[in-house]
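Let me begin by presenting the structure, written as structure tokens, before commenting on it.
Each chain gets a letter, A, B and so on, in the order its sequence line appears, and its residues count up from 1. Note that this is a predicted model, so its numbers are computed, not measured.
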Amino acid sequence: MTIKIENLNAYYGALQAVADVSLTIQECAVTALIGASGCGKSTLLRCINRMHEIIPGALVSGVVRLNETNLYEPQADPVAVRARVGMVFQRPNPFPTMSIAENVLAGFRLRGERLSKTESQETVEHALSAANLWSEVKDRLKSPGTGLSGGQQQRLCIARALASRPDVLLMDEPCSALDPASTGAIEELLGELRLAHTVVIVTHNLSQAMRVADQVAFMATTSAANGGHLVEYGSSTQMFDHPAQSATQDYIAGRFG
Amino acid sequence: MLHIAKRRTVADRVFTGGLIACGVLAIVPLISVVWTTLSRGSERLDIDFFTQSMRGITGAGGGALHAIMGTLLITASATLIAVPIAFGTALWLTEYAASTTSPAVKALARTVRGVIDVLAGIPSIVAGLFMYAVIALTLGPGYRSGFAGAVALALIMIPVVERSGEEVLARVPAELKEAGLALGAPQWSVILRVVLPTALPGLVSALLLGISRIIGETAPLLLVAGFTDSMNYNLSAGRMISLPVYVYSQWQNKGVDAQAYDARAWSAALVLLAGVLLLHGLAGLVIRLQRQNRQVRRARR
Ligand SMILES: Nc1ncnc2c1ncn2[C@@H]1O[C@H](COP(=O)(O)OP(=O)(O)OP(=O)(O)O)[C@@H](O)[C@H]1O
Ligand SMILES: [Mg+2]
């Protein structure tokens with residue numbers, strides 16, 4: 001599923017966080033959003049599933065198309081949009097009152113969709129396998145999701161998002177709270193997910209962006225009041241080897257130091 | 001050097017000793033209350049006490065069944081009235097009013113908080129007087145009922161439960177709510193299936209705290225539920241006595257055999273004390289279980 005972002009502006013009250021971003025994100029690929037802290041990466045990401053507007057006073061203008069349908073057309077229902085797009089957060093956040101299996105099925109339960117017993121079992125196995133977690137937890141599906149290690153918890157959250165079979169997966173620094181081994185496991189997983197999903201990942205770790213991303217978008221702000229704009233967007237090799245903009249070059253050089 | 005070190009240990013010892021003394025001093029009244037109630041209350045803690053009312057009794061004998069039933073009925077109905085209002089208000093304040101930009105809703109939330117603060121501050125006798133006035137104006141000055149008492153107690157209970165409930169709900173991590181919303185759940189569903197289950201142990205202890213706050217209330221019940229020597233299972237009409245009012249009436253209106261009245265008063269006090277301690281124990285247990293759960297989870301991480 002292609003994501004077409006056109007002239008997107010996002011605000012927190014009077015503060016503009018994203019300024020006039022236009023960007024076409026390819027389907028079945030991993031796109032990394034990079035840029036300095038506070039340049040609006042998370043905000044832009046949260047505009048792709050209409051999560052931005054849950055913050056009081058938040059505002060969005062512009063167009064985000066998933067395969068031609070505009071998520072922001074007046075009759076679009078934000079709740080329905082979020083069900084179609086998966087999201088993984090910086091800190092693993094499994095529901096503490098639910099077991100591993102219940103966490104995977106949480107989307108259905110929270111949306112009030114009923115699954116038969118076999119459907120539930122299949123969904124749990126499928127989603128956990130897709131998140132590379134099945135073999136580690138298949139004997140303790142009924143134990144609490146919060147009893148897993150941090151990295152396992154994050155993969156459980158990925159499974160929870162994948163269970164609803166979204167075409168798009170949004171990830172906001174999914175590895176920044178994890179140890180290197182768990183990070184490796186998730187990067188490996190990204191390589192598999194991109195075969196069938198459009199993945200957008202925010203990361204501060206440029207080596208990670210280099211390893212996992214097909215496309216890279218670099219954002220920056222000129223001043224805090226202006227909001228982040230898109231500086232440059234291209235394939236990973238082009239962005240890291242021959243960036244066209246000097247700002248991109250400086251950011252990458254500074255980061256790799 | 002040695003000299004100074006010695007002085008330090010002496011100062012240390014004196015200080016520690018002082019602290020221990022303070023601690024002991026604080027427990028003494030509690031132990032003495034429990035001990036006195038236990039020793040004087042156990043005399044009449046017989047089967048009759050739990051199976052008979054005071055109907056037709058003027059000397060020894062009789063029991064407090066009517067008061068125990070009254071306490072259970074009045075406390076239960078006060079809880080049934082107060083809890084939906086208190087938790088509903090707490091939910092509205094934390095989940096809706098806290099994340100609005102509408103000035104009207106913000107103003108309303110401020111007003112509601114103000115009303116809760118005032119309610120928390122009013123003396124219980126005033127809540128009783130208020131109910132008394134309401135009843136006198138609507139049903140006539142002579143009307144007494146357990147239900148009127150329950151409403152007065154609910155007025156006292158609402159701010160207690162609302163405040164601690166609000167605190168508990170505010171502690172539910174925002175990340176969990178976001179995770180729920182990001183899965184495409186409507187907000188009411190996130191509240192019902194994520195926020196409330198996560199907050200449940202805290203809400204239960206808020207509830208128990210509220211009950212233990214009202215179960216010993218005497219003044220408002222004296223005014224609107226009155227006292228009686230007979231059984232009354234009907235909340236909606238007729239005088240209904242509760243344990244604290246029973247203690248008071250036994251103490252106040254002693255018959256010829258004063259000793260029998262004293263003994264009954266102490267026994268009722270003992271039953272009440274046991275009930276309150278049980279509630280506190282339960283609340284503590286709920287909190288401990290929750291903490292243990294968290295520790296297990298952290299340890300596994
Ligand atoms: N809830 C909020 N309310 C008000 N302003 C916010 C809020 N969240 C973010 N902002 C502001 O919006 C701007 C963009 O924030 P955003 O979180 O999108 O940046 P980011 O690129 O994700 O940064 P980081 O790399 O640190 O996560 C920043 O100036 C930030 O201070
Ligand atoms: Mg961010």
Can you tell which part of A/V88 gets under 4.5 Å to a heavy atom of chain B, answering side chain, backbone, both or neither? neither
Structural part of A/P166 lying under 4.5 Å from a heavy atom of chain B: neither
Checking A/F95 against chain B: side chain, backbone, both or neither under 4.5 Å from a heavy atom? both
Would you find more than 12 non-hydrogen atoms of other residues, nucleotides or ligands less than 6.0 Å from B/F147 atom CZ? no
Would you indicate whether B/R213, at its atom CZ, is surrounded by more than 12 heavy atoms from other residues, nucleotides or ligands within a distance under 6.0 Å? yes
Choice from B/A179, B/P186, B/S189, B/G180 maximising heavy atom contacts with chain A below 4.5 Å: B/A179
Testing the basics here: between B/G184 and A/R111, what is the closest heavy-atom pair and its distance to 0.1 Å? O-CG, 3.2 Å
State which residue, out of B/V194, B/L181, B/L192, fulfils the side chain to side chain contact (heavy atoms under 4.5 Å, CB included) condition with A/L110. B/V194
Looking at A/N93 and B/E175, would you say the former's side chain and the latter's main chain have a donor-acceptor pair under 3.5 Å? yes
Rounded distance [0.5 Å steps], NZ in B/K177 versus CD1 in A/I54: 10.0 Å
Side chains of A/I55 and B/S99, heavy atoms from C-beta outward: is any pair under 4.5 Å? no
Salt bridge present between B/E178 and A/R82 (N-O < 4.0 angstrom): no
Is it true that, when you exclude A/H126 itself, more than 12 heavy atoms of the residues, nucleotides or ligands shown sit nearer than 6.0 Å to its NE2? no
Correct closest heavy-atom pair for B/L176 and A/P96 would be CD1-CD, 3.5 Å
Within the supplied structure, the quantity of interest is the number of heavy atoms (other residues, nucleotides, ligands) at a distance under 6.0 Å from B/F130 CZ; does it exceed 12? no
If I measure from the heavy atoms of chain B, does A/R160 come under 4.5 Å with its side chain, its backbone, both, or neither? both
